[in-house]
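Quick note on labels: first sequence line is chain A, next is B, and so on, each numbered from 1.
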Amino acid sequence: MSGFSAPHCGSLRGSDEGREVELYGWVARRRDHGGLIFIDLRDRWGAVQVVFNPAQSPKAHEKASDLRSEYVVRVGGKVARRRAGAENPRMATGEVEVVASDLEVISVARTPPFAIEDEVEADEALRLKYRYLDIRRPKMAQTLELRHRVVQAIHRYMDGHEFMEVETPMLLKGTPEGSRDFIVPSRLHPGEFFALPQSPQQLKQLLMVAGIGRYYQIARCLRDEDLRADRVVEITQLDVEMSFCTEEDVFTLIEGLWATVWKDVLGIEIPTPFPRIDVQESLLRYGTDKPDMRYELEIADVSDILRQTRASVLRGALETGGVVRCLAVPGGRDMSRRELDELALLAKGAGAKGLAWFPGPLDRHLSEGEMSTIKSAAGAGAEDLILLVADRRRKAETVMGLLRREIARRRKLIRQGEWKFLWVYPMYLFQEDDLGNLTYGHHPFTSPWPEDMDLLTERPYDVRARAYDCVLNGVEVSGGSIRIHDRELQERVFEILGMDRERIRAQFGHLLDAFEYGVPPHGGIAAGIDRLMMAITGTENVRDVVAFPKTQSHQDLMLGAPSPVDPQQLEELHIRVVPPQKPS
RNA sequence: GGUCCCGUGGUGUAGCCUGGCCAAACACGCGGCCCUGUCAAGGCCGAGAACGCCGGUUCGAAUCCGGUCGGGACCGCCA
């Protein structure tokens with residue numbers, strides 16, 4: 001018995017009328033009329049109605065009464081047009097049905113822990129535990145197929161532009177830079193470890209030195225960091241590197257790539273080139289470096305208006321070097337106190353000291369003049385409510401960005417169906433970390449802005465970077481930079497980052513050495529396929545676009561990973577486990 | 001590292017704030033019977049949870065408190 005070449009359940013159409021077929025699939029639903037029995041038979045391609053009629057085949061009909069959900073069956077029968085009035089326009093196969101003459105139960109099934117239907121909202125942990133059932137849901141299967149088609153379109157496009165896919169190793173050298181590495185013990189080198197790739201960054205730069213010129217790879221990258229709704233441990237990225245290029249070449253390539261993917265896969269024309277915004281302006285106006293342009297809602301800085309204000313909470317923040325930012329909520333005067341409290345909770349959750357608004361509690365602290373100046377700065381209309389946050393600049397931006405997104409969601413301001421691409425460019429080379437230390441903005445291989453070279457030592461924070469992010473509907477779908485290709489400049493940047501000679505040599509010696517053997521100028525970009533798929537499918541949950549995702553605490557609920565290993569295995573790897581001390 | 005939300009039959013929810021009327025309600029699903037044109041089929045009947053776990057408060061806890069486990073959202077982090 002081979003059903004491999006059998007017609008797909010979901011592919012039958014009116015034109016198949018009269019065909020004798022054998023179908024293989026899962027019982028999606030059974031409607032037993034005592035006399036007639038209908039089942040919907042499902043496979044990856046969809047579902048078709050099968051009729052068991054005792055008048056036509058009493059044996060098949062008798063067997064069919066034992067069918068239950070998710071049984072795997074083989075049905076022999078004839079494709080027939082449905083009788084007039086019995087067509088189902090809601091099914092792609094709704095014009096036809098298969099009149100069964102033969103039925104074989106290949107495999108029975110327990111009642112699944114949740115219904116295999118798109119609408120049923122099962123608990124996510126349960127879905128993850130039984131992912132193989134979850135993927136049977138048409139929506140999940142379709143998402144995976146869409147992802148496949150996107151990736152195929154990417155391969156075609158990159159190949160068409162003479163990019164060569166080169167595989168890079170999974171077992172790399174660990175670096176304390178960037179995100180936390182996943183490490184793999186070496187059996188043959190006691191006490192030494194490989195690191196799994198956070199990205200093939202250095203390897204693709206070395207491929208440029210190797211003369212490959214145009215490299216790409218659909219690469220898996222692993223970062224041992226805390227998860228979020230839009231982050232998974234194991235990400236897939238389109239990794240690209242090219243020689244003798246400028247930013248403009250990268251922009252053109254990627255704009256063309258997305259335009260092709262959208263056209264080939266979604267049948268949608270997207271306009272190119274994409275608009276650009278520099279990161280500083282983005283943070284000011286949208287409170288984020290990945291603004292969603294499907295709605296307006298601009299943030300305004302009203303610090304200067306309020307320097308002398310009687311409102312002490314606002315003035316206090318300004319006097320300690322902070323800022324006051326505000327946002328007009330369209331028609332927001334109708335918001336309930338409860339709703340505003342929820343927003344305040346959100347702001348506090350993000351680390352804000354509080355949330356102020358008017359009309360409201362702020363009324364008696366602000367002068368008429370202040371209120372009207374703020375309103376015009378925020379572009380507020382008569383029915384609008386003004387939200388204000390006073391804090392350190394970065395905190396205020398984070399909080400306002402969060403509020404902007406929340407307001408857009410709550411007030412349904414997001415224009416669904418729009419594809420708002422943009423480049424955030426340029427960015428800054430360095431940023432300040434939590435402890436006030438200087439660290440890189442993108443990664444340490446990013447080229448400084450040529451005109452800002454003089455500032456490197458004196459005012460590093462003002463140095464722009466030849467780095468860019470491509471943002472789609474508020475999702476950072478790709479980011480990259482033109483790299484440093486000069487050994488001395490690269491060493492200088494490492495030093496500014498606080499690395500001593502010894503460490504530079506140990507960690508990046510191979511790259512610096514390579515730069516002495518004829519290095520082309522180069523640059524590139526990496527596009528997160530997971531986030532891209534989020535934007536395409538309109539989900540806010542990455543796990544929706546990954547076949548077998550892990551939970552927030554890095555667990556695979558289906559496999560039960562991670563799990564302890566055999567002591568013998570540990571011994572072979574020269575590893576001893578020290579359990580965490582329980583504070584008692 | 002931190003803040004917050006959630007955890008009740010197979011599934012989704014109600015009940016929890018204002019403890020006793022709750023061995024817990026509803027829908028779907030599940031099992032049986034009836035039914036020849038349904039497609040979320042329909043009708044009738046039925047089974048199924050001591051309320052994540054541990055401890056505390058109380059005459060009495062699904063309900064209050066503490067802890068713990070699991071899931072999620074966010075801040076930090078993620079070059």
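Listed nucleotides: B:C74, B:G71, B:C77. Nearest to the side chain of A:Glu225: B:C77. Ranking B:G71, B:U36, B:G31 by closeness to the A:Ala55 side chain, first place goes to B:U36. Checking B:G71, B:G1, B:G37 against every side-chain atom of A:Ala86, the shortest atom distance belongs to B:G37. Counting only heavy atoms from C-beta on, A:Gln552 has its side chain closest to B:A73 among B:C77, B:G37, B:A73. The nucleotide whose nearest atom lies closest to any side-chain atom of A:Arg231 is, among B:U36, B:C78, B:G71, B:C78.
No side-chain heavy atom of A:Tyr71 sits under 4.5 Å from any side-chain heavy atom of A:Arg30. Within the 4.5 Å cutoff, the side chain of A:Leu343 has heavy atoms near those of the A:Glu406 side chain. Using a 4.5 Å heavy-atom threshold, the side chains of A:Cys245 and A:Val250 count as touching.
Between A:Phe508 and A:His510, the ring planes are tilted. Angles from 30° to 60° get that label.
Looking at heavy-atom distances under 4.0 Å, A:Ser69 makes contact with sugar-phosphate atoms alone, never a base. A:Glu117 comes within 4.0 angstrom of no nucleic acid atom, judged by non-hydrogen atoms across all strands. Among the protein residues, A:Arg543 comes within range of the sugar-phosphate backbone only, with heavy atoms under 4.0 Å from sugar or phosphate atoms but none that close to a base. As judged by a 4.0 angstrom heavy-atom cut-off over every strand, A:Arg82 is placed among the base-contacting residues. Residue A:Lys129 is out of contact with every strand shown, counting any heavy-atom pair closer than 4.0 Å. Within the 4.0 angstrom heavy-atom criterion, base atoms lie near A:Arg83. Within the nucleic acid shown, A:Glu540 has no heavy atom closer than 4.0 Å to any nucleic acid atom. Within the 4.0 angstrom heavy-atom criterion, only backbone atoms of the sugar-phosphate kind lie near A:Gly441; the bases stay farther away. Among the protein residues, A:Leu346 comes within range of no part of the nucleic acid, since none of its heavy atoms lies under 4.0 Å from any strand. Counting non-hydrogen atoms under 4.0 angstrom, A:Thr439 reaches nothing in the nucleic acid.
Atom CZ of A:Arg409 and atom P of B:A73 are 12 Å apart (whole Å). The interatomic distance linking A:Arg180 (CZ) with B:G76 (C1') rounds to 11 Å, in whole Å. Atom CD in A:Glu95 sits roughly 16 Å away from atom C1' in B:C39 (whole-Å rounding). One interatomic measurement links the two molecules: CG of A:Asp230 to C1' of B:C75, which rounds to 14 Å at whole-angstrom precision. At whole-Å resolution of the value, CZ in A:Arg110 and P in B:G29 are 20 Å apart. Rounded to a whole Å, the CG atom of A:Asp118 is 13 Å from the P atom of B:A40. Atom P of nucleotide B:G70 and atom NZ of A:Lys550 are separated by 16 Å, given to the nearest angstrom. To the nearest angstrom, P of B:C74 lies 9 Å from CG of A:Leu402.
Across the C1' atoms, B:A27 and B:A49 are found 16 Å apart, a figure rounded to whole Å. Using C1' as the reference atom, B:G29 and B:G37 are 24 Å apart when rounded to the nearest Å. B:G31 and B:A47: their P atoms are spaced 16 Å apart (whole Å). B:G19 and B:C51: their C1' atoms are spaced 15 Å apart (whole Å). B:C75 and B:U58 have their C1' atoms separated by 39 Å, given to the nearest Å. B:C16 and B:A25: their P atoms are spaced 15 Å apart (whole Å). Nucleotides B:C69 and B:G15 place their C1' atoms 24 Å apart, quoted to the nearest Å. The P atoms of B:U11 and B:G56 are separated by 30 Å, rounded to the nearest whole Å.
The phosphate of B:G71 has OP1 or OP2 within less than 4.0 Å of a side-chain N or O from A:Gln555. Distances shown here put every side-chain N or O of A:Arg228 at or beyond 4.0 Å from the OP1 or OP2 atom of B:G72. A sub-4.0 Å separation between OP1 or OP2 of B:G71 and a side-chain N or O of A:Ser553 is present.
Pairing of B:G7, defined by two Watson-Crick or G-U wobble distances under 3.5 Å, is identified with B:C69. Across every strand in view, B:A25 sits in a pair with B:U13 that passes the Watson-Crick or G-U test at under 3.5 angstrom. When both pairing distances are held under 3.5 Å, B:G46 makes a Watson-Crick or G-U pair with B:C30.
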Original post:
Hey, mind stepping through A:Gln280 and A:Arg464 against side chain to side chain donor-acceptor pair (under 3.5 Å) and telling me if it holds?
Top reply: CA-CA 11 Å; A:Gln280 196 175 15; A:Arg464 285 166 292 173; over 6 Å; no
**OP:** May I have the step-by-step check of side-chain contact (heavy atoms from CB on, under 4.5 Å) for A:Arg42 and A:Ile116, ending in yes or no?
**Re:** CA-CA 11 Å; A:Arg42 177 186 65 234; A:Ile116 313 295; 3.7 Å; yes
Please list each protein N or O that sits under 3.5 Å from an N or O in nucleotides 41-45 of chain B, with the distance.
unit_1 : atom_1 : unit_2  : atom_2 : d
B:A41  : OP1    : A:Arg29 : NE     : 2.8
B:A41  : OP2    : A:Arg29 : NE     : 3.1
B:A41  : OP2    : A:Arg31 : NH1    : 3.4
B:A41  : N6     : A:Asp32 : O      : 2.7

Between the protein and nucleotides 10-12 of chain B, are there any N/O to N/O pairs under 3.5 Å, and if so, what are the atom names and distances?
unit_1 : atom_1 : unit_2   : atom_2 : d
B:G10  : O2'    : A:Pro113 : O      : 3.0
B:U11  : O4'    : A:Pro113 : O      : 3.3
B:G12  : OP1    : A:Asp123 : N      : 2.8

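At least one donor-acceptor pair closer than 3.5 Å links the side chain of A:Tyr468 to the backbone N or O of A:Ser481.
For the 3.5 Å distance criterion, the side chains of A:Thr551 and A:Ser553 qualify, holding a donor opposite an acceptor. Between the side chains of A:Asp292 and A:Tyr286, no donor N or O sits under 3.5 Å from an acceptor N or O.
The base of B:G37 lies close enough to the side chain of A:Glu97 for a donor and an acceptor atom to sit less than 3.5 Å apart.
Along RNA chain B, the nucleotide nearest A:Gln198 and the nucleotide nearest A:Gly351 are compared for position; the residue whose nucleotide lies closer to the 5' end is A:Gly351. Nearest-nucleotide assignment on RNA chain B puts the 5′-proximal partner with A:Gln49, out of A:Arg223 and A:Gln49.
Put simply, the residue from A:Tyr428, A:Tyr425, A:Phe430 that forms a ring-ring contact (aromatic ring centres under 6.0 Å, His included) with A:Trp449 is A:Tyr425.
By the 6.0 Å contact criterion, CZ on A:Arg68 is enclosed, its count of non-hydrogen atoms from other residues, nucleotides or ligands being greater than 12.
For the atom pair CD (A:Glu491) and CZ (A:Arg505), the distance works out to 11.0 Å, reported to the nearest 0.5 Å. A:Ile407 contributes atom CD1, which lies 12.5 Å from atom NZ of A:Lys412 (distance to the nearest 0.5 angstrom).
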